[in-house]
Structures are given as C-alpha cells and as structure tokens.
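Below: one structure, written as structure tokens.
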Protein chains: 2
Amino acid sequence: MSATRDTINDKTRLSADAWAQAALDAIADQGIAGVAVEPLARRLGVTKGSFYWHFSNREALLKRALERWEEQETGVPFQSLENETDPRRRLQRVIREVNTSLRTSRIYQALSAAADDPLIAAFVTRVSTRRIETLRHYYQAVGLSPEHASRWARLTYSVFLGTLQIRRDMPAEWPHTDSTEFSQYIAFLERALLPDDDAMNPDLAAPAHPGAALTGTPAANAATKS
Amino acid sequence: MSATRDTINDKTRLSADAWAQAALDAIADQGIAGVAVEPLARRLGVTKGSFYWHFSNREALLKRALERWEEQETGVPFQSLENETDPRRRLQRVIREVNTSLRTSRIYQALSAAADDPLIAAFVTRVSTRRIETLRHYYQAVGLSPEHASRWARLTYSVFLGTLQIRRDMPAEWPHTDSTEFSQYIAFLERALLPDDDAMNPDLAAPAHPGAALTGTPAANAATKS
DNA sequence: TACTCTCAATACGCCTGCGTATGGAATACT
DNA sequence: AGTATTCCATACGCAGGCGTATTGAGAGTA
C-alpha cells in the first residue's frame, strides 16, 4: 500500500528507504519471497536498474528492511503502556491488547516463518528477546522474584505467539472479535496469565463460593500448595 | 536420513512412498523449499525421470507427503495417553510431554511456516484442530463444561505452539533440558494450565501459607471471584 | 550552454527449478 | 526366448529470479 508511489506515474525518484519500505510491505502480504528485486521493481513502477543503484544486492535490501522494522518495532506492541502506573493493570492491559490486535504481527509472522535464514533469525531473536525482557520487568513490578517473573514472562509470550498462530491457521478456533465468547476468553487469559495476589489478602482468599469449583477459572489456590 | 537408500548404489527401484518419505525428511530439515524435484532426485541418487514416472508433478508429491504426515501424526503427540485412567494425571502428562519433547515438531513448524500455500494450510488446520479437540476432551474429562474446556484447550495449545517457537528462535530463553529451572518451569506449566480442583475440597482451599503470596504460582483463588 | 552527477532503462548471461519427450535397461510374463 | 511392462536416464525447452554492463534522461551547476 504505502509502497506504491503516490501517483502511478509519479516522476519523483526513489530513495533507498522507499525500497526498504516497499520490501516491508511485500513481507507483510507475501512473506519473504515477496522481497524479490524484479517483482518489487514492477510494483514500484521502475526496473532493476534503479534497485542496483541503491543497493548492492538483495541481501542488502533485506538487511535494511529488517533494520527499519526493528526500529519501528521497538517497544511495540508494548508501547504506550509505560504511562500506566499500576503495574497490575499494566499487565492486564498488555495481555488484553497483545492478544486482541493483529496490527504489527503480520510481518513478525512472516519473518518467523523464514527464520531459517540466519540474518532474519538474528532480528527475530533480538526483537522477541526484548519483548520477553519487557514482560519480565512488568511481572517483577507486581512483586515477583526475577526467577518467577521469568517464568511468567515466558508463559505469557508463548501464549501470545501461539495465539497468533491459531488465529492465522485455525481461525475457526478463535472467537469472533465482537462476540461475548471473545471478551470472556480475554478475561480468562487475564486471569490465567496474572499471578494471583489474593493471597496477600487472606480474608478474601477464603472460598466464598465453593460451588464455583471447576468453573474453569485458572488454577485457584495453587499457591497454597507449594 | 531414512530417505537415502540403504546402500548408496542400491539397485532396488524406488516406490512412490519412498519419494513421499524423502519429501517429509526434506521438509524436516530444509523446510518446504526442500521439496524440489531435482534436489530430491539427487539426494535419492536418481534423476527426474524416476520422479515423473511416479508423480504427475511436484504438487502431487507434496500432497502425498502431507497425507503420509497426517496419518503418522494422528494422535501424536497425544498418543499413548489414552491408557492413562486418571484424567487429571493425563492432562499433566500431556502438558509435560508436549512441552518437553521436540520429536515430531520440526515438520509441523516447517509446514506452519509455509501455511501461505492453501494445500499445506489445509493439512495444518486439520491436524491442529484435531489436537485442540483432543485437549478439549481431556479438559472436559476433569469436569469442565464444554465452554470452559474450550478455553483451556485453546490456552494450552497456544502455549504449546508458542513454546515451540521460543525454543527454536530464542533458545537462550529456554532452560536447558536437564537443569533444575527446566523441571521447575514444567511444574509451573502444569499448574498454570490445569484448572485447580482444590475448590472441590474447601478444607484445603484455605491459604495454609499466606506468606506464599506472590511466589509465582498461577492465579490462586481466581475461581472464588467470579 | 556546456558539463557533471544522479538515478533509471535496456539488454545480456547465469543459475535453478519445473515439466515433457523419448529411448533404454531391467524385470516380469507366457 | 520373446514380448510386455515397469522404472529410470538423457536431453530439451521454458520461466523467473539474480547480478552486470552499458546507455540515456533530468536536474543541478558553472
């Protein structure tokens, strides 16, 4: 989209960044195979001659596109949550938003699918490691030890990645965005992926409704056992 | 490996199934791109002439390989758990084993990475849907309603998929198989992915160790809140 | 206007994979 | 043995992508 030049016969010359952005767009909707010189040139309305003036080869373009992506990606999809003061609410929000939106995930999925390429793998690893690190901080902020925070972060990021895949490959298993099942599942996730702090308030920890056993809320009272 | 014929100059002719198996092997260690007629022929020590006698085209080989995979995959990785009588222990075991072994996952990951191909996507969808369905049954067997079982199954399968990806793309984030952190994380997963049944025994549900608050065990007592 | 620098078009050769056509060797059949 | 059938090798044409070399058009500058 943003790759096709404003008007089809725009006389403006192309910049290297224009090529990089076009490559990213191509990744988003055709995967890594979309990053091919001649097809991209056609899409941009030019020929290879342009490309090989700006870049030495395809690899260079890919690298540049990945760098561009990594910049844009830094903080995403966890951005705009730093101003959330309550650490517990911040975790809830990140769980909710990350498993709701699909915005930036297309490129990530395409890159992850091509992680056999060492260059791509390096970027994917960096970005994901940073994300897990962020989650780790968030979990520590609610009072967990580093070890426990690591486990929760790992779990939550697994769920995020797995959910992406489910939504892509088994859409039938994913509730429609405006259904009640959808909001219920998100609430379910928030509970499953948040360490309970009720134990901090022993008066609330007593099972007010024993009949609620096995209603499907996550791992009640597991904390009391070990 | 099993694709290379027994002895390098074995005079035995090839069967279509040999090609299909070779294709699966190629998928496992080169991805879908490994399913290419001429490279496969070289690997098998023959030429294209053989291939195009057994198959009409590349697509046909891929289809056959996928069918072969789907058969072998049916029940895996949840097989050999049907004889586990205690439904709760069965879930524990499936969570443990699925997130421990990597056996059959290489092909799955390669296929999932190539899910832009509609043919491949169809197989991936079927296999994964069946797996989720199995998990759903397992969760119902411990007493959950169909709705809640669906959510738990979806969550657990997400974790499985996401964990696969983490182990492949961010191995540094995954504890070494024989470390104590590894076994601790698996135990953590078992708790996080299993609905608590302590609520069935209200006498145990009382927080025996309130000091255990925020130790990192999953979502204690969430069941008592809604 | 002449000159230079930037960007792009054209044309070419290379490689790799797909699919076809045809002939030949090995095996099975009678 | 002779024939037919099964399986494979060889040779070919085609397509698409990569990278190079060369030419050319436009814009800026003196």
Side-chain angles (χ1 to χ4, degrees), chain A residues 3-27 29-66 110 114 116-120, chain B residues 3-27 29-66 110 114 116-120:
Chain A
T4 56
R5 289 187 285 178
D6 301 342
T7 64
I8 194 60
N9 267 345
D10 195 337
K11 291 294 182 189
T12 59
R13 329 270 271 206
L14 263 54
S15 67
D17 283 328
W19 281 95
Q21 185 55 45
L24 278 183
D25 294 343
I27 291 175
D29 67 62
Q30 304 175 32
I32 290 298
V35 185
V37 179
E38 280 151 320
L40 271 183
R42 283 194 290 273
R43 183 161 166 171
L44 285 171
V46 292
T47 64
K48 298 196 298 182
S50 169
F51 176 83
Y52 283 101
W53 193 91
H54 293 289
F55 296 92
S56 57
N57 52 31
R58 193 200 109 126
E59 187 85 357
L61 169 65
L62 190 54
K63 183 155 177 283
R64 185 114 167 199
L66 289 173
D116 50 303
D117 180 333
L119 176 65
I120 296 177
Chain B
T4 57
R5 290 186 286 178
D6 301 342
T7 64
I8 193 62
N9 267 344
D10 195 336
K11 291 295 183 187
T12 58
R13 330 271 271 208
L14 264 53
S15 66
D17 283 329
W19 280 95
Q21 185 55 45
L24 278 182
D25 294 343
I27 291 175
D29 66 62
Q30 304 175 28
I32 290 298
V35 184
V37 179
E38 280 151 319
L40 271 184
R42 283 194 289 273
R43 185 163 166 170
L44 285 170
V46 292
T47 65
K48 299 195 298 181
S50 169
F51 176 83
Y52 283 99
W53 192 90
H54 293 289
F55 296 92
S56 56
N57 52 29
R58 194 200 110 125
E59 188 85 356
L61 169 64
L62 191 54
K63 183 154 178 283
R64 185 113 168 199
L66 289 172
D116 49 303
D117 181 332
L119 176 64
I120 296 176

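Residue numbering restarts at 1 for every chain, and letters A, B, ... go by the order of the sequence lines.
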Heavy atoms from C-beta onward define the side chain here; which of C:dA9, D:dC8, C:dA8 lies closest to that of A:Thr47?
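Among the listed nucleotides, the one closest to the side chain of A:Thr47 is C:dA9.
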
Not counting sequence neighbours, which residues clear side-chain contact (heavy atoms from CB on, under 4.5 Å) with [X]? List them please.
{"X": "B:Asp116", "answer": "B:Ala114"}
{"X": "A:Glu38", "answer": "A:Arg42, A:Lys48"}
{"X": "B:Ser15", "answer": "B:Asp17, B:Ala18"}
{"X": "A:Ala26", "answer": "A:Leu40, A:Arg43"}

Is the distance from OP1 or OP2 of C:dA8 to the nearest side-chain N or O of A:His54 less than 4.0 Å?
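So the side chain of A:His54 is within the cut-off, an N or O lying under 4.0 Å from OP1 or OP2 of C:dA8.
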
Any chance you could measure [X], atom [atom1], to [Y], atom [atom2], to the nearest 0.5 Å?
{"X": "A:Leu62", "Y": "A:Glu59", "atom1": "CG", "atom2": "CD", "answer": "6.0 Å"}
{"X": "A:Gln30", "Y": "A:Asp25", "atom1": "CD", "atom2": "CG", "answer": "10.0 Å"}
{"X": "B:Asp117", "Y": "B:Ile32", "atom1": "CG", "atom2": "CD1", "answer": "7.5 Å"}

Roughly how many Å is it from [atom1] in [X] to [atom2] in [N], rounded to a whole number?
{"X": "B:Asn57", "N": "C:dC18", "atom1": "CG", "atom2": "P", "answer": "10 Å"}
{"X": "B:Trp19", "N": "D:dC7", "atom1": "CH2", "atom2": "P", "answer": "14 Å"}
{"X": "A:Leu40", "N": "D:dC18", "atom1": "CG", "atom2": "C1'", "answer": "13 Å"}
{"X": "B:Phe51", "N": "C:dC18", "atom1": "CZ", "atom2": "P", "answer": "8 Å"}
{"X": "B:Phe55", "N": "D:dC8", "atom1": "CZ", "atom2": "C1'", "answer": "15 Å"}
{"X": "B:Leu44", "N": "D:dA9", "atom1": "CG", "atom2": "P", "answer": "11 Å"}

Is there a side-chain contact between A:Leu66 and A:Lys63 in this structure, where contact means two heavy atoms from C-beta onward sitting under 4.5 Å apart?
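Result no, sub-4.5 Å side-chain heavy-atom pair not found.
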
Review item, nucleotides 14-17 of chain D N/O atoms under 3.5 Å of protein N/O:
from, atom 1, to, atom 2, distance (Å)
D:dG17, OP2, A:Arg42, NH2, 3.3

Hey, can you pull the residues of residues 59-66 of chain B with a non-hydrogen atom under 4.0 angstrom from DNA chain C?
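Those residues whose heavy atoms fall under 4.0 Å from DNA chain C, taken from residues 59-66 of chain B, amount to none.
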
Return the polar atom pairs (N/O with N/O) between nucleotides 20-29 of chain D and the protein under 3.5 Å, or none.
none

Counting only N and O atoms by type, is there a donor-acceptor contact under 3.5 Å from the side chain of B:Arg58 to the main-chain atoms of B:Val35?
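The answer is yes, because a donor-acceptor pair under 3.5 Å joins these two groups.
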
Check A:Ala33 against A:Ala36 and note the closest heavy-atom contact, atom names and distance.
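What the structure gives for the nearest pair is O-CB, 3.9 Å.
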
Could you list the residues that satisfy ring-ring contact (aromatic ring centres under 6.0 Å, His included) with B:Phe55, not counting sequence neighbours?
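For B:Phe55 the ring-ring contact (aromatic ring centres under 6.0 Å, His included) partners, ignoring immediate neighbours, are B:Phe51.
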
